[in-house]
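Working notes, beginning with the structure itself.
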Amino acid sequence: MRHLRRRSLIVSALFLGACTGASEHSEKQTSSQSPAPQTAAAASSAGAREAHAPTSETVAVSNGAVAAAPVTHAIARMRDPAATPVIRGLYVNRFAAQSARRMHWLLGVADSTEINGFVIDMKDEFGLNFHSANAEFRKNEGMGHGMVRDVRALLDTLHAHNVFAIARIVVFKDPTTAQANPAWTIKQPDGSVWHDKKGFSWVDPYNHALWDYNIGIAEELVHLGFDEIQFDYIRFPEPYKSLPTQVFPASNGMSKPDLLAAFLKTAHERLNKLGVRSTADVFGFVTTVHGPLEVGQWWEKLAPVTDVLLPMTYPSHFPHGSFGIARPNAEPYQIQKISIDAARERDHKLGITAPEHVRPWIQAFSIGQPTYGPEQIEAQKKAIYDSGYDGWVLWHPGSKYEPFLPGLEKGDLVSHKKGGAATDTTATAQKG
């Protein structure tokens, strides 16, 4: 049932305390994060939903610390690693998460549409987006890109709106940690630090100290109240022939796919013990390429050791002629449908039956023609539903979704998937 949400000064104060402004953004993220004032006001006052009364879920971290993270009953149901909730989310970059104004607008979108989750940058290639309580972790914070000042306050606000909070953690493309820990880096044959085409150093995935750091960050974020962890850049850098050979001193003959699977298996075990899911992003090609990519990703290796896999099946990223389609970017339905059908078939062969084990990324940005808008969003959503899944996440690098709002359904989340296993309706986010 839909209700008018109270506009609370307390909620506004929480945002002001939780966020810090960012004056400059990277080329990857757009320079303006703030919406038009009229749009923000309309989003917060129209079509909002009353939150459930908060409950208290106990979470613990591996060092024995225990904390009570207040969440609504709906969020508590969705956290269960054994559940398969439907998440329809928006990617929120580090700068949007630091902006009270931008978060206010994004919450207005969630209050009034099918959106029930945010994927929030908490560790990206710039470093941490929060001030860790761990002195060793703080060495890798990075500088000059701001951070969320009060994570608990931010999450309290999201949970008051029944928005599922997912922490995105960039793992192996980490030039900030590489600079702080040269011994953790991929090497060249002469022992010097290897750099990619853009001049960035990468950390060595075979280094177990790096595993402990990233999983430790994930555990701390769960302790602070995040509902799910999403690992990104679970891969090796591309081995371009124009670059020096990559040397991994600690590999001991282990293959790249086995290494990535071992990391995710360890993370999965540790995070499930805390009562949250462990998920990972993979290239869109992983769903249809039978065998490992050069970067180490292989569906059959990664799917069994994650609660959810999120293929980046962006139509613009597929070469001309893929699947016999002359211009993949112009056929968003076909690209998503072919890719996600393949993912579902491979899961079936592996015996993975969780209804929402695949949660595709949707392209909410434009590269070339056609310019993407609501029509392309709706086409990608329909392809995912027709492939037997209900959940997805929109990606725009600058978290600017204004042009795509007409492609989102108004009101509570409604299942549209065809075939496949039934959705666990007790774990589907209803915000009112």
Side-chain angles (χ1 to χ4, degrees), residues 15 18-35 39-40 43 87-110 115 117-131 140-151 154-155 157-158 163-171 173-176 198 200 214 217-218 221 224 226-234 279-281 310 312 314 316-317 359 361-367 372 377 392-405 408:
F15 266 134
C19 305
T20 60
S23 59
E24 295 184 57
H25 300 170
S26 72
E27 292 180 357
K28 178 181 175 184
Q29 279 117 359
T30 57
S31 59
S32 175
Q33 296 296 334
S34 299
T39 305
I87 305 295
R88 294 180 184 164
L90 300 176
Y91 163 66
V92 180
N93 72 19
R94 70 179 295 128
F95 305 108
Q98 294 166 21
S99 168
R101 187 182 185 199
R102 193 61 188 167
M103 291 303 297
H104 180 70
W105 185 85
L106 290 167
L107 275 175
V109 173
I115 296 298
F118 290 169
V119 177
I120 303 174
D121 274 346
M122 296 309 297
K123 175 181 176 284
D124 60 11
E125 52 267 51
F126 300 127
L128 300 180
N129 195 22
F130 73 107
H131 188 70
N140 305 314
E141 277 186 351
M143 297 177 62
H145 298 283
M147 61 179 57
V148 175
R149 182 178 298 163
D150 188 336
V151 176
L154 175 63
L155 294 175
T157 305
L158 266 59
V163 172
F164 197 72
I166 303 168
R168 176 177 177 258
I169 297 176
V170 169
V171 182
K173 184 182 180 181
D174 191 347
T176 302
K198 294 184 178 180
F200 292 123
N214 281 280
I217 287 293
L221 291 169
L224 289 170
F226 271 95
D227 308 308
E228 184 175 292
I229 299 297
Q230 185 178 120
F231 293 109
D232 200 359
Y233 281 89
I234 299 296
T279 75
D281 299 330
L310 294 97
M312 298 178 283
Y314 306 132
S316 63
H317 287 28
R359 188 189 301 159
W361 284 98
I362 284 180
Q363 178 175 329
F365 58 88
S366 297
I367 296 180
Y372 269 48
I377 298 300
W392 39 260
V393 185
L394 264 60
W395 172 278
H396 183 281
S399 303
K400 299 190 72 175
Y401 299 102
E402 287 86 344
F404 308 100
L405 290 185
L408 300 178

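We number each residue from 1, following the sequence as shown. For the numbers below, each heavy atom of this structure counts, side chains included, while hydrogens, waters and symmetry mates do not.
A heavy-atom distance below 4.5 Å is not found between the side chains of R359 and V119. Side-chain contact between F118 and L107 is present, with heavy atoms from C-beta onward closer than 4.5 Å. Two residues are said to be in side-chain contact when any heavy atoms from C-beta on lie closer than 4.5 Å; L224 and F130 meet this criterion. In this structure, D174 and Y233 have side chains that are not in contact, with every pair of non-hydrogen atoms separated by 4.5 Å or more. Here the side chains of E141 and M147 are in contact, with some heavy-atom distance below 4.5 Å. At a threshold of 4.5 Å between non-hydrogen side-chain atoms, the residues I217 and M122 do not count as touching.
Here the CD1 atom belonging to I115 is positioned 6.0 Å from the CG atom belonging to L394, to the nearest 0.5 angstrom. With rounding to the nearest 0.5 Å, the separation of CG in D150 from CG in L155 is 9.0 Å. In this structure, I120 CD1 and I169 CD1 are separated by 12.0 Å, a value rounded to the nearest 0.5 Å. The distance from the OG1 atom of T176 to the CG atom of N140 is 8.0 Å, given to the nearest 0.5 Å. Rounding to the nearest 0.5 Å gives a distance of 10.5 Å between CD1 of I166 and CG of L158.
Residue G117 comes nearest to I87 through the heavy atom pair CA-CG2, 4.3 Å, listed as atom of the first residue, atom of the second, then distance. Scanning all heavy atoms of the two residues, the minimum distance from N93 to P397 falls at ND2-O, 3.0 Å. N129 and A97 get closest at one heavy-atom pair: ND2-CB, 4.0 Å. Across all non-hydrogen atoms, the minimal contact from D281 to R168 is OD2-NE, 4.5 Å.
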Criterion side-chain contact (heavy atoms from CB on, under 4.5 Å) on V92 and R102, from CA distance to verdict: CA-CA 10 Å; V92 180; R102 193 61 188 167; over 6 Å; no

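Checking side-chain atoms of D227 against main-chain N and O of F164 turns up no donor-acceptor pair under 3.5 Å. A donor-acceptor contact shorter than 3.5 Å is absent between the side chain of T279 and the backbone of F231. A donor-acceptor distance shorter than 3.5 angstrom exists from the side chain of Q98 to the backbone of H145, with no hydrogens or angles considered. With R94 contributing its side chain and L128 its backbone, the two residues share a donor-acceptor pair below 3.5 Å. Side-chain atoms of D124 do not come within 3.5 Å of backbone N or O of V170 as any donor-acceptor pair.
Between H396 and Y401, the angle of the ring planes goes over 60°, which puts this pair in the perpendicular group of the 30/60° scheme.
Of the residues Y372, Y91, Y314, the one that meets the ring-ring contact (aromatic ring centres under 6.0 Å, His included) test with F365 is Y314.
A side-chain donor from one of N214 and K123 sits under 3.5 Å from a side-chain acceptor of the other.
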